Structure formats: C-alpha cells, structure tokens
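Shown next, in structure tokens, is the structure this report addresses.
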Amino acid sequence: MEQKIYLDNNATTKVDSKVVSAMLPFFTELYENSGSSHLAGLTISEHLENATYTVSRAIGAKENEIIFTSGATEAINLALKGFKADPIQNLITASTEHKAILDTVDSLQIKGKKSIIIHVGSDGIINFDELKTALSKGSAIVSIMLSNNETGVLNDIKKIAGWVHEYESFLLCDATQAVGKIPVNVKDLGIDLMPFSAHKFHGPKGVGGLYISSKIKKYLRSQITGGGQQNNLRSGTLNIPGIIGMAKALEINQKNIEESTLKIKNLRDDLEFQLLKTEGCFVNGSLENRIFNTTNICFPQILSEKMILALKNISVSSGSACSAITSRPSHVLKEMGLSDKHALSSIRFSLSKFTTKEEIDYTAERIREIISAV
Ligand code: PLP
C-alpha cells in the first residue's frame, strides 16, 4: 500500500470535506466583519450566532458561556492566567496533563501561586487520595484533563468535580481530546472551565474555544486586549470561517456518534489484538477507562523513533501529540512508571472515522515485519 495511512489523529485530523464546503463562502462571499454595523456585517453576525448556538449546545452550555480562541492552548492560557478569584490559594494539576497546562501552571508559579502536582497510577488515572489532600489545603483551581492525548485514559471528571466543589474550588477540564469524539456535557460533568480545539475533530486548525460557566465569568480577565470583542474577554476580529467550520464539524460528528464510535473502537481493538501477538508488547494505560480511538503500545524490541522511520507512509506518534520532535521519553509514560527504555519504545496509534480495515491490517503486518527484522 503506497498511499499514506494516517494513524495520528490525536495530533490533528483531516478536515471533513463537508466542513470545507461550509467554510468556503465565508472567505469569498460572506467575508465581512461580524462586528460591522452595516447590513452585510449583521448577516455575518447572524451566522456567528447560529454557529455559537451549535457549539454551545454540543457541549451542553449556553451561548454566552463560550469564548472563541485560536485553539486549546490559547483557551488554557486564558483560563489559567485570566482567572482572578481572590480566595484562590493553590493551583492543582496532574503530572500527566498536556504541556499547555503544565507549562502555564509553571509560569503562574513564578508569579507567586503555589502549585500542587497530583500523581497517577500505572493505569494513568489520577490518585484520588492525593487530590483530596491537596484540596483540603485551601481553595484552588484544579486542572484535570478528560482524555489523555497520549494514552487516551479517561478521568472520572464528574466525581472529581464533586470533590472540587465541596472544597469551594474550581474545575478546569482540558477536553481537547474528548470534545467532538465522545459526548461531553459541561453541566452534567460539573466543569467550570473547558478548553477545546476544532482540529482534533475534523474541523480547521487555528480555532477553538473556552467554555466558562456563567457562574464564574465574573472572575475571568482578558489576556488579549484591544477592540473589546467577545464581551471584552478576548479582543480581536473573530475567525468566522473557522468558527463556522468548527460548528459544522461538531454537527456532523454528533449525528453519527454511536455508529462512528463503534466502527473506530472495533478497528482500534482489532489493531491492538493483531499487534499484541508480538512477543513482549503491552498496552500503556487503563484498558477499561480509555477513549475508543487511541491505543499506546510498547514494543520493547525497537525504539519508537526507529519504528516511525521504518513505517514510512504510515503516520503514528511517539511521545506527546503536538510537541516538537524529541527523543526525550514521554513525561506521561514516565509518570505512569515506565522505564526510559519502555517509554522510548512506545507508539501511539490514534484512529479516526476515515480509518479503514485495510489500513489497520496493513499497519499490523508492517509492524510485525519491522519487529521480526530487528
Ligand atoms: N490539550 C490537549 C490534551 C491536547 O492534546 C492538545 C494538542 O494536542 C492541546 C491541549 C493543545 O491544542 P492546540 O494545539 O489546538 O492549541
């Protein structure tokens, strides 16, 4: 098979052609600024309102609880740096969070906020006792992700939110790897702040958002000042084609969610079944609490960088989803207790609705060939 096989969908996804079609008029015909007061501008503003409705309903929020951003990284920065509730004493997060969270928490620590890092078990799930002890030390912003980008491990956010609120703290949940893939309802889960990014669910790059519960909106301060767009919380002309595309992607994914989930899960399980026949291989992270499109497998016989080179037209990933190419072992796998060798020999496969059975069979066969040649 010479054509490219893409199994790196946690890094980014192919934009759905229906999403592209929905976006196109907003470059060439409906290009006006949604902030302009002329009739054409008001028309764009109506399209924006409809898209905002779709995005907010897709996550169980109200329209005035969404701030559009350039993606999850910006949304995380806004949520953590812009949150100015006086009683907040601590920042609590987990050691396996994405670097967008960990590095932002680090930068706030320099400015005087105390951070507490919660550890995870070998299954990748956070240590609940540690979390409760940390919560008892005073009011905090707690940042725990929904689905891990490297292993797909899911945290029990509803349970965590219950404890966080009991201690009069606030929950930021990075749902970048979950929104558009699994049902996420912010109210049901008890989330206060939630970043997401369109390119993770077949939408365009460069657009995403932050859900901010109306109950705590008063605590949020803009990190980008200027024209006062989005109720002064994020200045700058809105990326209308991007927002339209994000809404369309969510609408499409929601329609076929059950069928698509089952198809992708079956393919993921099939790939895993075929690969685990290889001597010594094992899956990293919880098998039960995992998103359906991801598997992270350790092949102790070969370094992942070598495997990736040998796989040529098959795109998979080692280490973190979107950090620069690095041969340092993944902080997520290390935190789960893997040795450097095992962490450096692990590969993440992340599938999408475009993945086929032929691609899975071909990938499994190529990996078996590569390993038997070592
Ligand atoms: N959070 C998680 C869990 C991610 O997987 C990513 C990207 O991989 C991000 C945040 C950052 O997203 P973006 O690059 O769209 O800003």
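Everything numeric in this text was worked out from a predicted model, so none of it was measured. For ligands, and for the atoms within them, numbers begin at 1 and follow the listed sequence. The basis for the numbers below is simple: all heavy atoms, side chains too, and nothing from hydrogens, waters or symmetry mates.
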Report task. Answer yes or no: does an N/O atom from Lys200 fall short of 3.5 Å to an N/O atom of ligand 1? Result -> yes
The answer for which part of Lys205 has a heavy atom under 4.0 Å from ligand 1 is neither
Tell me whether the count of non-hydrogen atoms from other residues, nucleotides or ligands lying under 6.0 Å of CD in Glu168 goes above 12. no
Are any of the N or O atoms of Asn149 closer than 3.5 Å to those of ligand 1? no
So for Thr73 against ligand 1, with non-hydrogen atoms under 4.0 Å, the contacting part is both
Ligand 1 to Gln177 polar contact by distance, N or O atoms, under 3.5 Å: yes
Ser197 heavy atoms within 4.0 Å reach ligand 1 at atoms 13 (P), 15 (O)
Ligand 1 to Met145, heavy atom cutoff 4.0 Å, flagged ligand atoms 3 (C)
CD (Gln223) and OG (Ser235) are apart, to the nearest 0.5 Å, by 11.5 Å
Any donor-acceptor pair under 3.5 Å linking the side-chain atoms of Thr43 with those of Glu32?
no
Q. Thinking salt bridges, do Lys248 and Glu251 make one under a 4.0 Å N-O criterion?
A. yes
- Query: Any N or O of Ile76 that comes nearer than 3.5 Å to an N or O of ligand 1?
  - Reply: no
Do Asn148 and Asn155 meet the criterion of a side-chain donor-acceptor pair at a distance under 3.5 Å? no
Ignoring hydrogens and geometry beyond distance, is a side-chain donor-acceptor pair present between Asn284 and His342 at under 3.5 Å? no
